[in-house]
Each structure stands twice: as C-alpha cells, then as structure tokens.
S.K.: 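One structure, pasted below without further comment.
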Number of protein chains: 2
Amino acid sequence: MPRPSRWNEIIEAAAEAFRTNGYAATSLEDIASAVGMWKGSLYHYIDSKEDLLFAVVRGPAEEILNQLRELSDTDLPPTEKIRRATRSHVQILNSNFVYASVYLQEIAGRRKLPEWTAMDREYLNLLESIVREGVDSGEFSAVTNPRVATLALIGSLNWLTHWYRPGGSLHADEIADQFCDLFLGGLITRKTKAPRSQTVTPLKTTKPRAKRTA
Amino acid sequence: MPRPSRWNEIIEAAAEAFRTNGYAATSLEDIASAVGMWKGSLYHYIDSKEDLLFAVVRGPAEEILNQLRELSDTDLPPTEKIRRATRSHVQILNSNFVYASVYLQEIAGRRKLPEWTAMDREYLNLLESIVREGVDSGEFSAVTNPRVATLALIGSLNWLTHWYRPGGSLHADEIADQFCDLFLGGLITRKTKAPRSQTVTPLKTTKPRAKRTA
DNA sequence: TGCGAAATGAAACGATCGTTTGGTTATCCT
DNA sequence: AGGATAACCAAACGATCGTTTCATTTCGCA
C-alpha cells in the first residue's frame, strides 16, 4: 500500500490544527501526534514552527493571486470580469478551504511580513482596477467609491470562511453567482435586469497542494 | 491628578495587545508591563487570563446586538432598516475599534462557547429577517437568497477591521452609506435610482466602556 | 490618627513549549 | 549485499507562560 508523502500529512494536520485552534495555540505535539510521530521528529521536515504556517498558506495565496492576474490581462467586459474573479475566489476558498482559512486568520491582519502584504495589496489593486474600468466605461455607477466597493466585495468573499463549509448544501458556484447578482444588481427590485452570466469558459483549473523534499 | 480607574487601563492594554499579537501570543507580562505593574498583580483584578478576553469583548458585542434588536422592533421600511443597521454596525466598530477587532479575531470563528455563538446567530437572524421583509413586500428582488445576502453584508462590515482605522480619511458614516448604496442599488448603472437616505434620527447612542470592581 | 482593606511588589512553582541532540531503524540505490 | 541517507525514536534543555503565595505599600474612612 503506497502511503502518500508524509510531508502532505504533516501539512494537512498542521492546517487543520491551525484553523481550529489558531497558530499560537497549536503545539508541535498536537501536529506530531496527529500524524503519529514524536514532535522532535518534525524537525526532519522543518526548521521552525513558522515553516509549517508558511507551507500551509503559500499554495492558495499564490494561486488566487495568479488567477486574478490572468483575468486582468483579458479584455472581457468589467461585469464579466467581476463575475469570474468572484467565482475564482470562491472556488479556491472551496477547494483549499482549510489552507485559505489559516491564511485569512493568521496572515491577513496580524503578521505584517512584507511578502504577504504585497500580495494582499496587489490583489486588492487588481480588483479595484476592474471596478474602475466599469466606472470609466459607464457600465458601473460612479456613486460608490471604487476602493470601498472592492473592499466590500473582498470582505464578503473572505467572510465565507466563517460560515461556508465545503460539501454543504450550497455549491461554491451558486454562492459566487449570488454574490455577483448582489454586488452588480443590488437588493432593490429594478425593471432593467442585471446581466446574468451564461455558460462559463474556465480560464484554468489548478490542483490542491504543494510539494517539498526536506 | 485623578488617575482613571486602573481596571480600564488594564483592559485597554489587553485589548491593544490582543489585537496586534492575538490572544494566545500575548503574555500577561506584556499587559502588566504596559500598565506598569508585575504580572502577578494582575490577579488582583482577574481570576484567569481568559477573563481579560471576555471583559474586552463583552461591551461592544452586547451593544451591537441590542441596537439591532431595537431597530428590528420598529416598522420602518426595510430599505431604511438596512441603512440604519449598517450605520449602527459601522459606528460601533468605529468607536470600539480595538475591542470589536478582538471579538472578530478571537471569538467569532474560533471559540465555540455557546454564549457567543448564540449572539452571533441572533444578530444574523435579525438582519436576515429585515432582508426577508423587503423581499416579501416586493421592495427587494427575490433573486438573491436572503441568508446569503445577509452574510455578504455582514462579511463586508466585519472585514472593516482589516482596513478601516478610526480617524482615517474616510468617516464611518460615509463608509456605511457607501456600503448601503452598493448593497441596495448594486454596481451596475440604472435609470431608477435607489432611494438615498435623508437626515438621520438616531435611535440611541451608547458610550465606550464597561466597569468592574474587583 | 490609626486601622482594615485594597493595591501592588517580588519571588517562586509547575507545566508546557519550541528546539536540540544523539542514537536507532527503515529505505533506496548500485 | 551493503553502504548511504532518509525517517523516526526518545530524551532532555532552556525558556516562557499562567498562576500562586506572601510580604509590603497605599489609601479610604471612622
């Protein structure tokens, strides 16, 4: 029976523990016992506890940013860009749920390491640029500050880690579309319909996890 | 010179430390040295470290819920209820910024203590009821799942702790109105205007902090 | 003024944590 | 087969943490 790479087991155990108890409240013994080894043996794979945190978090953080970069390079109409960016964000949150939750709880906000804040800022700026495109083309209303609108959307998306669970009754794509309908069309009833998206041509699909050889 | 209550100093120092470093990563010595005393002396005011966390967090948590309870009892139109609830949420986040940030980072999500989850659920349900009122009256479109729309709004509001800072260039009320315009009217340009709010008759105003006598 | 309680100082304790060390077993390659 | 290296065991260390204990100072008030 070919056992999967031990490194993946360690990262998954670390991610699960970090998400439920938080990084600081998780001991290396928690992680070690979850994978069935002594805490000292973890140091055959890592140099410090923080290595585990960064390894957990790096994959989805880079993936979500890269997908938005690719999308920004297209010349789809802003409405469609917003819809695809939202779908991409939700899908990565869905398929990397534990890892992404750890990122949002432990990296975004607290630790001010320049590497991560630069990624956060670039993501925000790319999304805001899409909103600005829509305002400039007249497609979006100009009453709302583009940066505030962007931060509102990001907040809604990232708050998913507080209530969404993969495999629940609501599919990831449904939630993404609901968010889009809300942000694009608003709550209030209108006669002129907000354009709903048709069949989706996915930009790319990427796969769960990272690698490592000690 | 009449020194303010020592208990307030302790809570404020604890809140500031919890917010920047997180609860688990904050030591009692951090807090003690911030107020100029020995960590053991803190136990004249508390029974355990967790007491500090709950004391920091209880005030705004109860206040934000109570304000939404009062608002729900009125019979304002749903649009105006949403606007006032949003303003109230942002204002409490603004005037109790550090305390509320600690709540969102340390209580909501992690700790599953029934007391707090009950408050979270009630807040969510009250806000969702307002959205449902709007859908039932035809004021709001029925295309968006009310619960999803409510969670989207709450997510935008609570994400404020990640980027808003009291005293910054954007006033709290401006942000609240921007959020409302966005959630009610949507991004997409429309001919029929979303109703903007007039002068506000405040429901109540409450004051910063709690008390305690050891 | 003096007394009792509140407030703080100062030190210590036991537990736990991240990390190190040195040895033992398993696995892979030629 | 055998040697190198990866993988893991087992124990220990030093630091730090939350908490306790007891002594000392400060303060309100009769």
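Per chain, numbering begins at 1; letters A, B, ... match sequence-line order. Predicted model, so just to flag it, every value in this text is computed and none were measured.
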S.K.: Given 3.5 Å as the limit, does a donor-acceptor pair link the side chain of B:N96 with the main chain of B:L93, or not?
M.R.: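 Side chain of B:N96 to backbone of B:L93: no pair is present.
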
S.K.: Just the rounded figure in Å: distance from P of D:dC13 to OH of A:Y43.
M.R.: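 Rounded to the whole Å, the gap is 17 Å.
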
S.K.: Measure from NZ on B:K39 to P on D:dC17 and round the result to the nearest Å.
M.R.: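 Distance, rounded to whole Å: 7 Å.
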
S.K.: Taking CG from A:L42 and C1' from C:dG18, how many angstroms apart are they, rounded to a whole number?
M.R.: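 Whole-Å distance recorded here is 11 Å.
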
S.K.: Tell me which of B:M37 and A:K49 sits closer to the 5' end of DNA chain C, going by the nucleotide each one is nearest to.
M.R.: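 Final value for this comparison: B:M37.
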
S.K.: Output the rounded distance in Å from CG (B:D51) to P (D:dG18).
M.R.: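 That distance rounds to 13 Å.
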
S.K.: Can you identify which nucleotide, out of D:dA7, D:dC17, C:dT8, has its nearest atom closest to the B:R6 side chain?
M.R.: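 From the listed options, C:dT8 comes nearest.
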
S.K.: Mind checking whether A:Y164 and A:F97 have parallel, tilted or perpendicular rings, split at 30° and 60°?
M.R.: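 Perpendicular: the ring planes of A:Y164 and A:F97 meet at over 60°.
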
S.K.: Expressed as a whole number of angstroms, how long is the span from B:L53:CG to D:dG18:P?
M.R.: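 Taking atom P of D:dG18 as the reference, CG of B:L53 is at 13 Å.
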
S.K.: For B:H171, does its backbone N or O pair with a side-chain atom of B:E174 as donor and acceptor, under 3.5 Å?
M.R.: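 Checked: pair present.
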
S.K.: I need the CG-P distance between B:L52 and D:dC17, as an integer number of Å.
M.R.: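 Going from CG in B:L52 over to P in D:dC17 covers 15 Å.
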
S.K.: Does a nitrogen or oxygen in the side chain of A:H44 sit under 4.0 Å from OP1 or OP2 of D:dA7?
M.R.: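 For A:H44, the contact criterion (side-chain N or O under 4.0 Å from OP1 or OP2 of D:dA7) is met.
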
S.K.: Assuming nearest nucleotide by heavy-atom distance, tell me which of A:G40 and A:D30 is located more 5' along DNA chain C.
M.R.: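 Between the two, 5'-proximity favours A:D30.
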
S.K.: What class does the angle between the rings of B:F183 and B:F179 fall in, given that below 30° is parallel, 30 to 60° is tilted and above 60° is perpendicular?
M.R.: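 Rings of B:F183 and B:F179: perpendicular, over 60°.
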
S.K.: Taking the six-membered ring of A:Y23 (Phe, Tyr or Trp), confirm whether the NZ or CZ of A:K49 is under 6.0 Å from its centre and within 45° of its axis.
M.R.: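 So A:K49 does make the cation-pi contact.
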
S.K.: Let me know the distance between CG of A:L28 and P of C:dA15, rounded to the nearest Å.
M.R.: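 Taking atom P of C:dA15 as the reference, CG of A:L28 is at 21 Å.
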
S.K.: Quick one: B:E29 CD to C:dT8 P, roughly how many Å, whole number?
M.R.: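 For the pair B:E29 CD and C:dT8 P, the rounded distance is 17 Å.
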
S.K.: When you check the phosphate oxygens OP1 and OP2 of D:dC8, does a side-chain N or O of A:W38 lie under 4.0 Å from one of them?
M.R.: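 No, outside the criterion.
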
S.K.: Quick check on C:dG9: is either OP1 or OP2 less than 4.0 Å from any side-chain nitrogen or oxygen of B:S41?
M.R.: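 Indeed, a polar side-chain atom of B:S41 lies that close.
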
